[in-house]
Participant: 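To start, I am sharing the structure in question, which I have written as C-alpha cells.
Each chain gets a letter, A, B and so on, in the order the sequences are listed, and its residues count up from 1. The structure presented is a predicted model; accordingly, all values stated were derived computationally and were not measured.
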Amino acid sequence: DVKVTQSSRYLVKRTGEKVFLECVQDMDHENMFWYRQDPGLGLRLIYFSYDVKMKEKGDIPEGYSVSREKKERFSLILESASTNQTSMYLCASSWGLPGAAESYEQYFGPGTRLTVT
Amino acid sequence: GQQVMQIPQYQHVQEGEDFTTYCNSSTTLSNIQWYKQRPGGHPVFLIQLVKSGEVKKQKRLTFQFGEAKKNSSLHITATQTTDVGTYFCAGPTSGTYKYIFGTGTRLKVLA
C-alpha cells in the first residue's frame, strides 16, 4: 500500500515563527503536492514538485516556500507564520512524468492541522 | 484562471434516498477525478474519467463525464450511512500535473 506520512497531526505555533511541515512518501512517486484545506474553499494548491529540486507555484504560494532535496520527502515552510495561515495542510503524491499524457491518482497524507496564535 | 465549481455545497438525505453532486469546469478537461473524504480523514481517490460522455459505475456510485468534457456528476443510489463525507472533483490544468479541486459537496445521511 502507498503510504504518505506527515510529521505532525496537530501543531500550534506563534505568529512570526518559522514552521516546517514535512511529508514523506514510500512509493517512489515523481510528483508531490502541498494543499491547504479551509471550510467552503475546498483544497487549494500551494506548491508542487515533479522532481527532486524542482518546484512550481500553485494557486496560493504567498507566504510559503518548499524544499525537495530527496525524492521521497517534500517540505513546506512558513517563513513567518501568520494567523491567516491557520488551516489543515495536506500533502499528496502521485506517479507521472513531465510531458506524459496520462494522469494519475493522488495519494494523500493524514493532514496537519496548524493553528497560529 | 481555471475554476472548478461544485454544487450543492451541502446535502442532507434520508438513508435510502439518492444523491447527486455536480462538477463544472470553466475550461475543457482532459480528464476528471473524484475523491471522497470521510469526516476527520483525508481525500481518497475514487475514479478517473477520460473520455467524452464516459459513464462508470462502482456498486451504487455512478460517475459521468459530460460530452463537452467540462462537467461531471456523481450519483449515489440508495444512500447508506457509510456514504457520509465530502466528495471532491478535480480537473487538471492543461499540460501540467496541477489539479484544480472543486469546493466539494458535503453529504450527510440521516438514519
Participant: Answer yes or no: does atom CZ of B/Arg38 have more than 12 heavy-atom neighbours from other residues, nucleotides or ligands under 6.0 Å?
Facilitator: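 Counting neighbours around CZ of B/Arg38, 12 or fewer heavy atoms of other residues, nucleotides or ligands fall under 6.0 Å, so no.
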
Participant: Would you call the rings of B/Phe19 and B/Tyr87 parallel, tilted or perpendicular if under 30° counts as parallel and over 60° as perpendicular?
Facilitator: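 B/Phe19 vs B/Tyr87 ring planes: tilted.
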
Participant: For chain B, which residues of residues 58-78 of chain A have at least one non-hydrogen atom nearer than 4.5 Å to it?
Facilitator: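 A/Gly58, A/Asp59 fall under the 4.5 Å cut-off.
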
Participant: Within this structure, what is the SG-CD distance for the pair A/Cys91 and A/Gln25, rounded to the nearest 0.5 Å?
Facilitator: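 Result: 8.0 Å between the selected atoms.
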
Participant: Got a second to check how far B/Asn71's CG is from B/Ser25's OG, nearest 0.5 Å?
Facilitator: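 Rounded to the nearest 0.5 Å, the CG-OG separation comes to 9.0 Å.
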
Participant: Considering only heavy atoms, give the residues of residues 38-47 of chain A separated from chain B by less than 4.5 Å, sorted numerically, with 'none' for an empty result.
Facilitator: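 Residues in range: A/Gly40, A/Leu41, A/Gly42, A/Leu43, A/Leu45.
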
Participant: Answer yes if B/Val4 and B/Phe45 sit in the same cluster of Ile, Leu, Val, Met, Phe, Trp and Tyr residues linked by side chain heavy atoms under 4.5 Å apart, and no otherwise.
Facilitator: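 No, because B/Val4 and B/Phe45 fall into different hydrophobic clusters, even though each may have its own neighbours under 4.5 Å.
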
Participant: Which class fits the ring pair A/Tyr35 and A/Phe33: parallel under 30°, tilted 30 to 60°, perpendicular over 60°?
Facilitator: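 Rings of A/Tyr35 and A/Phe33: parallel, as their planes differ by under 30°.
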
Participant: Taking the six-membered ring for Trp and the single ring otherwise, decide whether the centroids of B/His75 and B/Phe63 are under 6.0 Å apart.
Facilitator: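 Not close enough - the centres of the two rings lie 6.0 Å or further apart.
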
Participant: Applying a criterion of heavy atom separation less than 4.5 Å, what residues of residues 102-111 of chain B form contacts with chain A?
Facilitator: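 Residues B/Gly102, B/Thr103 are the ones that qualify, each having a heavy atom under 4.5 Å from chain A.
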
Participant: Within a radius of less than 6.0 Å around CE of B/Met5, do more than 12 heavy atoms belonging to other residues, nucleotides or ligands occur?
Facilitator: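 No, CE of B/Met5 has 12 or fewer neighbouring heavy atoms, counting only those of other groups under 6.0 Å.
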
Participant: Need one label for B/Gln6: side chain, backbone, both or neither, based on atoms under 4.5 Å from any heavy atom in chain A.
Facilitator: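 Neither part, no heavy atoms under 4.5 Å.
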
Participant: With a 4.5 angstrom heavy-atom cut-off, could you sort out which part of B/Leu46 is near chain A: side chain, backbone, both or neither?
Facilitator: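 The answer is neither part of B/Leu46.
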
Participant: Could you please state which residues from residues 108-117 of chain A sit under 4.5 angstrom from chain B, measuring non-hydrogen atom to non-hydrogen atom, sorted by number, or 'none'?
Facilitator: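 Checking residues 108-117 of chain A against chain B gives A/Phe108, A/Gly109, A/Pro110.
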
